[in-house]
There are 4 protein chains.
Amino acid sequence: MTKSVVKMNDVQNEIKKIATNLKNNKDEGSKKRRIIAAAEQIFAQKGFFETTISAIAKEAGVAEGTIYEYFENKKDLLYAVPEQNTIEYADFALNHLQGIKGATNKIRKIIWFQLDYFRTHRNYTKLMILEIRRGPDYFKSKAYENLKLYSDLILTIIREGIRDGEIVSDVNPYIVRDMILGTIEHISIPWLVFGREIPIDDLVEDICKVIFSGLSLKDMTF
Amino acid sequence: MTKSVVKMNDVQNEIKKIATNLKNNKDEGSKKRRIIAAAEQIFAQKGFFETTISAIAKEAGVAEGTIYEYFENKKDLLYAVPEQNTIEYADFALNHLQGIKGATNKIRKIIWFQLDYFRTHRNYTKLMILEIRRGPDYFKSKAYENLKLYSDLILTIIREGIRDGEIVSDVNPYIVRDMILGTIEHISIPWLVFGREIPIDDLVEDICKVIFSGLSLKDMTF
Amino acid sequence: MTKSVVKMNDVQNEIKKIATNLKNNKDEGSKKRRIIAAAEQIFAQKGFFETTISAIAKEAGVAEGTIYEYFENKKDLLYAVPEQNTIEYADFALNHLQGIKGATNKIRKIIWFQLDYFRTHRNYTKLMILEIRRGPDYFKSKAYENLKLYSDLILTIIREGIRDGEIVSDVNPYIVRDMILGTIEHISIPWLVFGREIPIDDLVEDICKVIFSGLSLKDMTF
Amino acid sequence: MTKSVVKMNDVQNEIKKIATNLKNNKDEGSKKRRIIAAAEQIFAQKGFFETTISAIAKEAGVAEGTIYEYFENKKDLLYAVPEQNTIEYADFALNHLQGIKGATNKIRKIIWFQLDYFRTHRNYTKLMILEIRRGPDYFKSKAYENLKLYSDLILTIIREGIRDGEIVSDVNPYIVRDMILGTIEHISIPWLVFGREIPIDDLVEDICKVIFSGLSLKDMTF
DNA sequence: GATGAATGAGTTTTCATTCAT
DNA sequence: GATGAATGAAAACTCATTCAT
């Protein structure tokens, strides 16, 4: 269980640690990895209930029974899919943030990064948003724990921004985080469903405009 | 298909018109309504695939075959559920906005209203967020058209705010709308899944704080 | 639950009551009866585990799904098979005993009757001996309750024989009953398995000879 | 194939010969013996069809494939289990009968011995009664041949009793044998299924009472 | 001889949908 | 319009058996 982590370094270390662990057993039998890859694809395409084990087996080039050598059951396989990606995701984010100064810049980068990741990992994203993050089971999964780390990373950046006087002090960091994640997700759904392209750079600008400056005219806030 | 509507009054009229239509044939046979009510409940509780027609029939107090008198098939029934609610929802929103002056106040009201509606219509909300808004079928449904009206309503408010000089002119109204909807939705998911209570008033404040004033210190934006 | 019954009349009445009940709902839908008849045949032929639901459905001339309209699952169907036969069996026995005087004659009749029933109901018998009477589930089944009545009938006959001075007083009636049943069953197994014919009359004589007179020479018992 | 043996000594010799052979290759690789021991346990516990090869392999501490080095298939393994026990059983019986004079005493001993063996070898007994002795395959197995020797032993004792004038001459020895075996078996089933204790001494008395003296009052047989 | 990963045929069970009444 | 018995296709999962190492 990840307890609430507040220091940037703590979050970083946690992510790095898990990422390294996962990378090490990444090649534990190409079979397992092929099955997960196939599952990611088919689950994302058809949804959990309309995916058949037989279709995954075919795509992975293994027999149906083989899948049950590696995974308890269909649900188990579903939750196994994002385990790798979620931590990889957090790790990527971390790398992208290297050398960036200031909370504002970091947040902008986070927004850009997430949109970009969604764009380049459509299957994974569909799976996460449309299939996995429903039902209480998700909140007990490894994937959730991993994403929690990423989510903590954002929280930490916001808090440090406040501490350093770069961000106004009276905002609720949780809400800011949820706004960032929620906005991106909401914007992404039609893209995911219809497979349209995402004009990332414009989006980042538009989102940051609101997040940083708000809607009100300056003199109205006085 | 609803074409893009931009005038407040246009949106209002459209919503009123549909709402009135629906209200009129609301009592077209209590059977149909009982089936829809049962479907809403069971679909929300168990999800689309784990709901059986037989369970809905039982809950509605009709025979299984009867359901097929009113609905083509299971999916058809699923999409029929939100048809009523979505327009009712838009209509409610409209009523709540009556007499409120200024885009800022209206937006604040919208945020409050939506959180409140989610809270008081948990089944409907679960259904919409977790079941219906996936798969391209949704975007062809009546429910989508209805929600589009609500969504246009928000857009119009923002645009009028810009026109009236109450809202800064360089924001993208679509993004603002998506931020509002996305944030509320993202915050709501754990509540929906776990059935926790929602501290609405605090949330509205926290969200509005960011939406209206942004994160940056005033003098930093110069 | 049948409590231990000791009076001949009590046993008789109990059996008659249940037999009548069963006869009444014997025609409750020919489908159910056809399924049970098919199940009896196939289960007896192949054994429980090597019987497929599909084979039973085919034999019964119904769809596989139909079987599940009437029975919870395969095991449930297995136990449903002997429910009718067991009480019918007890009832037949009762009828055959009508007008027979004396415990000795009744016991002889019981032995004859049971061998004859086995001969004429080979499927039922195979099922009972080889499939059903294993596993603790049997002892909770209706079939067990019914056979218990039959078994009580034998006990009662023995006890009345003792009471009337026709049977020696120092025998354990339970053991006598088990000897009768066990002997017949043991003799029957090869017949059931190989489908040979049973020379009933000789068997009855041979069994009765031992049961009534024993192995010892008369003067040796003094 | 064992042809019908009638002389006590012949039966004895046959049993001794086979018993000695088996004892010699008893230690032919501890693997095989461990597999058989594991199979006996699991088959008895779960029944043939609900036992998995994997469970036996685990219990025996070998790999699944290893089992197929020693046995053709699952059925083959099932029938291999009682091969040892059955002859051991016959051999034990023989030893217990040493020095006992008279058919009556020998039969009493046989009854006691068999009940005792059942009690102390519950797994083996469950396996024999509930799993193996069904289906025509059994009658072609080594176990059947071995038990046939034991069965012949009983027959021989009865015949010698008749010859020596200790047993009445007009009984059918086969029936007597089947009565002994059938009675004990029938009494044992509930014990085996529920794991209750067996009050052997009382049982032996009660059974012998009937077998030797019969139910009829002495003067009634004249 | 020993292993155990891989196989894939085979089975129970579910359930949306139909249609005769 | 209403019913609900009947259908049968479809799918997850199991496990005896094989075979390359």
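Atoms considered below: every heavy atom in the structure, side chains included; atoms not considered: hydrogens, waters and symmetry mates. Residue numbers begin at 1 in each chain, while the letters A, B, ... track the order of the sequences.
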Residue pair D/Gly61/C/Ile53 against DNA chain E: nearer the 5' end by closest nucleotide is D/Gly61

With a cut-off of less than 4.0 Å, is there a side-chain N or O of A/Thr66 near OP1 or OP2 of E/dT7? yes

Within the pair C/Lys31 and F/dA6, is there a side-chain N or O less than 4.0 Å away from OP1 or OP2? yes

Neighbour count above 12 (heavy atom, 6.0 Å) for A/Lys75 NZ: yes

Between A/Glu131 (side chain) and A/Phe48 (backbone), is there a donor-acceptor pair under 3.5 Å? yes

Within this structure, what is the OH-CD1 distance for the pair B/Tyr70 and B/Ile36, rounded to the nearest 0.5 Å? 11.0 Å

Go nucleotide by nucleotide along DNA chain F from the 5' end; which of C/Val62 and A/Lys75 gets its closest nucleotide reached first? C/Val62

Check the distance between E/dT17's C1' and B/Leu77's CG and give it to me in whole angstrom. 14 Å

Can a donor-acceptor pair be found, under 3.5 Å and without considering hydrogens, that links the side chain of B/Lys46 to the backbone of B/Thr52? no

Check: D/Lys142 side chain, D/Thr86 main-chain N or O, donor-acceptor pair, under 3.5 Å: no

In this structure, CD of C/Glu40 is separated from CD of C/Gln45 (nearest 0.5 Å) by 11.0 Å

Per-residue pairing states of DNA chain F in dot-bracket (Watson-Crick or G-U under 3.5 Å; . unpaired, | other strand) read .||||||||||||||||||||

Dump the pairs, protein N or O against N or O of nucleotides 18-21 of chain E, anything under 3.5 Å, distances to one decimal.
none

Value in whole Å for how far the P atom of E/dT7 lies from NZ of A/Lys58: 15 Å

DNA chain F: 5'-proximal contact among A/Thr52 and B/Ala63 (nearest heavy atom): B/Ala63

